**Student:** 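The following block contains the structure, expressed as C-alpha cells.
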Protein chains: 2
Amino acid sequence: MAPPAQIFHANNVDPASAAAAVKVVSIETAAPAHSASLLDADEFRCHGHQVIDFIADYYASIGTYPVRPSVTPGFLLDKLPDHAPSRPERDAFATALRDVRDHILQGLTHWQSPRHFAHFPASSSTAGALGEALAAGINVVPFTWAASPAATELEMVVTDWLGKALHLPETLLFSGGGGGTLLGTSCEAILCALVAAREQKLAEIGSSKGIDDLVVYCSDQTHFALRKAARIAGIRRDNCREIPTRRDCMFALSPADLRAAMDADVNAGLVPLFVCATIGTTQTAAVDPVGELSAVAAARGAWVHVDAAYAGAALVCPEFRHVTDNAAEGVDSFSMNAHKWLLANTDSCALWARRPAVLVAGLGVENEYILKDAAEEGHDVVDYKDWSVTLTRRFRALKLWLVLRCHGVEGLRDHVRGHVAMAAAFEAMVRADERFEVVVPRQFSLVCFRLQPPPPPPEKLGGGEKAANELNRRLLEEVNATGSGPYMSSAKVGGIYMLRCAIGSTLTEERHVIEAWKVVQDRAADLLGKMEITYGALA
Amino acid sequence: MAPPAQIFHANNVDPASAAAAVKVVSIETAAPAHSASLLDADEFRCHGHQVIDFIADYYASIGTYPVRPSVTPGFLLDKLPDHAPSRPERDAFATALRDVRDHILQGLTHWQSPRHFAHFPASSSTAGALGEALAAGINVVPFTWAASPAATELEMVVTDWLGKALHLPETLLFSGGGGGTLLGTSCEAILCALVAAREQKLAEIGSSKGIDDLVVYCSDQTHFALRKAARIAGIRRDNCREIPTRRDCMFALSPADLRAAMDADVNAGLVPLFVCATIGTTQTAAVDPVGELSAVAAARGAWVHVDAAYAGAALVCPEFRHVTDNAAEGVDSFSMNAHKWLLANTDSCALWARRPAVLVAGLGVENEYILKDAAEEGHDVVDYKDWSVTLTRRFRALKLWLVLRCHGVEGLRDHVRGHVAMAAAFEAMVRADERFEVVVPRQFSLVCFRLQPPPPPPEKLGGGEKAANELNRRLLEEVNATGSGPYMSSAKVGGIYMLRCAIGSTLTEERHVIEAWKVVQDRAADLLGKMEITYGALA
C-alpha cells in the first residue's frame with residue numbers, strides 16, 4: 001500500500017517507541033474517560049443522525065452513480081496508508097463519513113441502483129435497513145434462549161410468519177412440528193441440512209459403509225453453494241452428481257435422470273444421501289419438479305432440500321404456489337433468502353426443517369456447563385446455536401419482523417408483482433424485436449435473452465451458436481460500458497451465452513426498465529452495424 | 001401461539017379469500033406505488049432518525065434494565081399473533097418501534113448493560129453500531145472483487161491494519177504474502193481453516209488413507225467451535241482428541257501431551273491433521289503455548305490454527321504480546337473476534353491465513369461463467385467468496401475501518417487497558433476476602449473466583465470440593481437473581497465450579513465493578529448465614 005494520502009489520514013506513531021512508554025493505567029483514570037467517548041448516548045445520537053442523512057442522501061442520489069465503478073484493481077489499496085492511525089484525527093467520524101462519500105462510494109458496485117439488473121437483487125427497504133441498524137445498536141447475542149429470550153422467540157415467530165406467508169406446508173413450521181431459523185446465507189442453510197442428513201445416514205448405515213460412500217445429487221444448474229457445502233462436509237468430490245439438464249425441459253432437473261443416477265450408484269455399492277432441488281436456479285431461474293424429485297429421493301432414503309434462494313420470495317403470491325409442485329410437505333428442509341427479493345437487506349436466509357431434532361443431532365454439541373442456565377431447567381426451549389454452523393449470531397429476527405409488520409403480506413405481494421410485471425414488459429419488448437430471442441420463457445422477474453445467431457456471413461465469428469455467443473458477449477460488454485446505463489450479467493447454459501436482466505432492485509421503476517431495453521437496442525444496432533451483420537427482414 | 005394481542009396487532013385476512021382475487025397487476029400502476037413506500041429517501045430519513053433516537057435512549061437508560069429478563073419460555077410466543085399482518089397497520093413503523101421498547105426489550109438479556117459480566121463481552125461502540133447501520137443501508141454484496149471493488153479492497157486494508165495493530169507476524173498479512181478476511185464468527189474461521197487443511201492433507205496422502213484417518217487435536221478447554229467444525233468437516237467423532245489440562249498448568253494445553261497423543265495416533269496408522277491452540281479459553285481465559293505447540297505440530301505435518309476469539313483483542317497492547325509465545329510466524333491461520341472486546345459490534349471475526357492459496361484451494365469452487373467479469377481479466381484480484389463458507393457476504397470492512405479510524409490503535413489500547421485495570425481491581429477485592437479464592441490467576445479481563453470449600457460442618461453439602469461446587473452454584477444463582485445487580489456466568493474446570501466475572505462491556509465503569517463485588521459479598525454473607533457456614537478466622 002502506498003504512502004498515506006491526505007484523504008485517508010493516518011497520524012502514525014512508531015509502534016516501537018509507543019511500546020516503550022506503556023504502563024497499565026490506573027482504574028480511576030481509565031474507565032470513565034474511554035467509556036464516554038466509545039459509546040456515549042449523546043455522541044451516538046449526533047453521529048447517528050449524520051449516518052441516517054448520509055444513507056438517505058445516498059438513496060436520493062443513487063441514480064446518478066454509474067452502477068459499476070470504472071476502477072482497476074488496486075485503486076483503493078493505493079490510496080490508503082499501510083497501517084491504522086495511532087490516534088484518531090480531529091473530528092474523525094465526520095471525516096471518515098466524508099471519505100466514504102468521496103472515495104468508497106466511487107468504488108462500489110451499487111446494488112441498490114434502480115439500474116442494477118445483474119446477478120439477483122439484494123433488495124433493501126427502509127424497514128430492512130433500519131431493522132439491521134436497530135439490531136446492531138441493541139447488539140445482543142442470542143445463541144441460546146437464555147442469552148436473549150425475546151430474540152429467540154421472535155425468531156421462532158417470524159420464521160413461522162414467513163413460512164405461512166410463503167404458503168409452506170405446516171410440516172416445516174413450529175406450528176406443525178417442524179421449525180425455522182434465520183441464518184446468513186443459503187450456503188449455510190444447505191451445509192446445515194447436508195450435515196444433518198449425513199450424520200443421520202451414517203448412524204443408519206452403521207460401520208459397513210462410511211462417508212466416502214455417500215452421494216449428493218443436483219443438476220448442472222444448481223448453485224455452486226451445493227458443491228461448496230458438499231466439499232466442506234467431506235463428501236468425496238467424485239460423489240457429487242451434477243445431472244445434465246436440457247433446454248427443452250427449461251433446464252429443470254429430470255426425475256427420471258435422478259432416478260437413473262441414484263440407481264446406478266446403489267448398484268455400485270454407494271449410498272444416496274442428499275438431493276438439492278432448486279426453485280429459481282441462478283442462471284435462468286429454472287424450477288425443478290419438487291414433488292417428483294422428492295418421490296424418487298424418498299424411495300431411496302435420501303434427504304431432500306429445496307433451495308429457493310431467489311424465487312422463494314415469489315411464493316408470497318398464490319399465483320406462484322404451483323412452483324413447489326404442491327408437494328413441499330415431503331421435503332426435509334427448505335431455504336430462501338429474504339435478503340434477495342424480499343426487502344430484508346443482507347443477510348437474512350430462512351431455513352426450515354421438517355425434523356429440527358435431526359438438525360440439532362447433526363449440528364448441536366453437547367452443552368458445556370458454561371452454557372447451561374437455570375432458566376432453561378425443566379423447559380423445552382430452542383437454542384439456535386444447535387441449528388447452525390455458528391454459535392455467535394445476530395438478532396436477525398428483528399429486521400424481518402419489521403419488514404413483515406411494515407408491509408404486511410399484501411405489501412410483499414405488491415412488491416413481487418410489480419417486478420414480475422416489469423419483467424413481463426421487458427420480455428415483451430425483447431420478443432417484439434426480431435433480432436432478439438428470449439432464450440428461456442420467463443417465470444419470475446428474470447429475463448434471459450440474446451441476439452439471435454446471425455445469419456452468414458460473417459464467417460469471421462465462426463458462424464452459428466459460436467458466433468452468437470461471441471456477439472452477445474460483446475453486446476453485454478457494450479451495454480455495461482455505458483456508465484449511465486443498466487448493469488446486467490450473463491449466463492451460459494446448454495452452450496448458449498445469454499444476457500440476464502434480473503429485475504428486483506427496490507428502486508427500479510418502469511422507466512428504468514424501458515431505458516435499459518433502449519440501451520440494449522442501441523448498443524446492439526451499433527454493434528451489428530460495425531460488424532456488418534443484418535438479420536433477414538431487417539436487412 | 002395465542003390469539004392476536006392488541007400490542008402486536010395483525011389485521012389478518014383469510015389467505016384463501018385473498019388468493020381468489022389475485023391478478024397480476026399492470027406495470028403502470030404497480031411500480032411507482034410500491035417503490036415509493038418501500039425505500040423512499042425522505043421516509044427513510046424520518047424513520048431513521050426515530051431509530052437513532054431509540055438506540056441513543058436505550059444506551060442512556062440501559063442501566064435501569066435488569067441485565068437478564070425475568071421471563072419464562074413462551075412469554076413472547078404467547079403475545080404474538082400466529083401469522084403476519086395481511087396489511088400494515090396505520091403508522092406501522094412507529095408502532096413497531098414502540099412494541100420493541102415495551103415488549104421486546106423487556107425480554108432481552110442486555111449484553112450492553114454495564115452490569116453484564118457473563119460469557120465474554122459483545123462490545124459495542126458508536127463507530128461499530130453505526131458502521132453496521134451504514135453497511136446495511138449501502139447494502140452491497142462483495143462476493144467477488146467485481147461485485148464491489150471498494151468493499152473487497154477495504155477488507156484487505158483493514159485486515160492488514162488490524163493484524164499490525166495486534167502485532168501479528170507479517171507472514172499472516174497481505175503485506176507479507178498471507179492475508180486476512182472478515183467472517184461472522186470464530187466457528188466459521190475454524191471451519192474454513194480446517195477444511196483447507198483437510199483438502200491439502202488428503203491431496204498429500206493420496207489414496208492410501210482417507211478422511212476417516214485424519215485426527216484433530218485440542219485441549220479439554222478448547223471452545224466447542226472446534227468440535228463443531230470437526231463434525232461439520234466430516235472428521236470422525238472419535239478422531240477428535242481433547243487433551244486433558246491441569247490446574248497447575250493453568251489449564252493450558254501441554255506440548256508434551258500433544259506430542260504423545262500425536263505419536264500414538266501415528267503409530268496407530270492415523271494422520272495428524274490439525275491443532276487448535278487457544279489464546280484465552282472460554283472458561284478461564286487460559287493461554288496455550290503457541291510456539292511449542294507449533295513446533296510439535298510442524299514436525300508431524302499438522303496445520304496450526306490459533307483461536308484468539310476473546311483475548312486476541314489484548315494483543316493491541318504491547319504488554320500482552322508475550323501471549324502468542326512470540327511465535328505466531330509459524331502458525332497457518334489465526335482468528336479473533338473484533339466483536340467481542342474490540343468495539344466492532346456483532347459480527348466481525350477476522351481470519352488470517354499464511355497461505356491464502358491453500359484456503360482458496362479448499363473452499364473455492366471453480367468460477368462459473370456467470371461470476372466472471374471483464375474487470376478481472378488479466379488482474380490478480382481477491383474474490384472473498386473463495387475464502388469462506390458463504391458466497392453472499394456483508395460489507396463488514398466498513399465497520400472495522402470506522403472503529404480504527406475513530407479510535408486509533410491507542411484508543412483501542414486505552415479501552416483494553418481500562419477493562420484489564422478494572423478486572424485487576426476486582427481480582428484484588430476477591431483476594432482481600434479470605435472466604436473467597438481466585439481459582440486461576442487472571443491474565444486479561446476475566447476473573448474466575450469462588451467461595452473456598454467450606455470447612456466441616458456442614459456435612460449436608462457432602463464436604464470438600466463437592467460442597468464448594470454446590471455452594472458456589474447457589475451463590476451465582478442468588479447473585480444473578482438480584483435483578484438490579486450484576487449478571488455473571490460460571491465455569492466448571494478440573495472439577496471446580498467457579499463464577500466468572502468477564503469485564504468488557506463498553507459502558508462498564510469502575511463503580512459497576514465495585515457494586516458487583518458488593519453484591520457478591522452480600523449474597524455470600526446471606527447464603528453462608530442461612531447455611532450456618534463459617535470460615536476459620538471469620539467464625
Side-chain angles (χ1 to χ4, degrees), chain A residues 19 27 30-31 38-39 41 44-45 48 51-52 55-56 59-60 73 76 80 83-85 87-88 92 96 104 107 109 111 124-126 129-130 132-133 136-137 139-140 148 150 153 157 161 164 185 187 224 234 318 365 369 379 381 390 392 404-406 408 414 418 421 425 492 506 509-510, chain B residues 19 27 30-31 34 38-39 41 44-45 48 51-52 55-56 59-60 73 76 80 83-85 87-88 92 96 104 107 109 111 124-126 129-130 132-133 136-137 139-140 148 150 153 157 161 164 185 187 224 234 318 365 369 379 381 390 392 404-406 408 418 421 425 492 506 509-510:
Chain A
I27 185 169
L38 297 173
L39 188 62
F44 178 88
R45 203 182 304 267
V51 165
I52 293 300
I55 300 170
Y59 290 148
L76 189 65
L80 288 161
H83 45 101
R87 286 277 177 203
I104 309 277
T109 300
W111 287 66
S124 284
S125 66
T126 295
L130 294 176
E132 191 73 41
N139 202 21
V140 296
S148 254
E153 297 201 7
V157 168
W161 279 16
K164 288 173 186 174
T185 72
C187 296
F224 77 45
V365 179
Y369 206 77
H379 290 287
V381 296
T390 70
T392 292
L404 289 164
R405 282 286 294 269
C406 290
D414 292 346
K492 193 171 181 185
T506 312
E509 297 174 24
E510 183 186 9
Chain B
I27 185 169
H34 73 73
L38 295 174
L39 189 62
F44 178 88
R45 203 182 303 269
V51 165
I52 293 300
I55 301 170
Y59 290 149
L76 190 63
L80 288 160
H83 46 101
R87 287 277 177 203
I104 309 277
T109 300
W111 287 67
S124 285
S125 66
T126 294
L130 294 176
E132 192 73 40
N139 202 20
V140 297
S148 254
E153 297 201 8
V157 168
W161 279 16
K164 287 173 186 174
T185 71
C187 296
F224 76 46
V365 179
Y369 207 76
H379 290 287
V381 297
T390 70
T392 293
L404 289 164
R405 282 285 294 267
C406 290
K492 192 170 181 186
T506 312
E509 298 173 25
E510 184 186 7

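These figures come from a predicted structure and were not determined experimentally. Per chain, numbering begins at 1; letters A, B, ... match sequence-line order.
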**Student:** Using every non-hydrogen atom in the two residues, find where A:Leu39 and B:Thr126 come nearest and quote the distance to one decimal.
**Tutor:** CD1-N, 3.6 Å

**Student:** Write down the atom of A:Leu76, the atom of B:Ala150, and the distance for their closest heavy-atom approach.
**Tutor:** CD2-O, 3.5 Å

**Student:** For residues A:Ile52 and B:Phe44, report the shortest heavy-atom separation together with the two atoms involved.
**Tutor:**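 What the structure gives for the nearest pair is O-CE2, 3.7 Å.
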
**Student:** Are the side chain of B:Tyr59 and the backbone of A:Gly137 linked by a donor-acceptor contact shorter than 3.5 Å?
**Tutor:** yes

**Student:** Any idea which heavy atoms bring A:Pro88 and B:Cys406 closest together, and the distance?
**Tutor:** CB-O, 3.2 Å

**Student:** Among A:Thr392, A:Leu130, A:Leu404, which has the most heavy-atom pairs under 4.5 Å with chain B?
**Tutor:**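 Option with the top pair count is A:Leu130.
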
**Student:** Measure the CD1-CD distance between A:Ile104 and B:Glu153 for me, rounded to the nearest 0.5 Å.
**Tutor:** 10.0 Å

**Student:** Quick one: closest heavy-atom pair of B:Trp111 and A:Asn139, and the distance?
**Tutor:** CB-O, 3.6 Å

**Student:** With respect to chain A, which residue among B:Thr109, B:Thr390, B:Val51 yields the maximal number of heavy-atom pairs within a distance under 4.5 Å?
**Tutor:**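 Option with the greatest count: B:Thr109.
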
**Student:** Return the option, out of B:Cys187, B:Ala56, B:Gly234, with the maximum number of heavy-atom pairs under 4.5 Å with chain A.
**Tutor:** B:Ala56

**Student:** Report which part of A:Ser125 has an atom under 4.5 Å of a heavy atom belonging to chain B: side chain, backbone, both, or neither.
**Tutor:**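 Interface part for A:Ser125: both.
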
**Student:** Using a cut-off of under 4.5 Å for heavy-atom pairs, which of B:Ala96, B:Ala92, B:Ala60 has the most such pairs with chain A?
**Tutor:** B:Ala96

**Student:** Side chain to side chain contact (heavy atoms under 4.5 Å, CB included) with A:Ala136: which residues, sequence neighbours excluded?
**Tutor:**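 In terms of side chain to side chain contact (heavy atoms under 4.5 Å, CB included), with neighbours along the sequence ignored, A:Ala136 is linked to B:Glu132.
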
**Student:** Is chain A contacted by the side chain of B:Thr185, its backbone, both, or neither, given a heavy-atom distance below 4.5 Å?
**Tutor:**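 Side chain only.
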
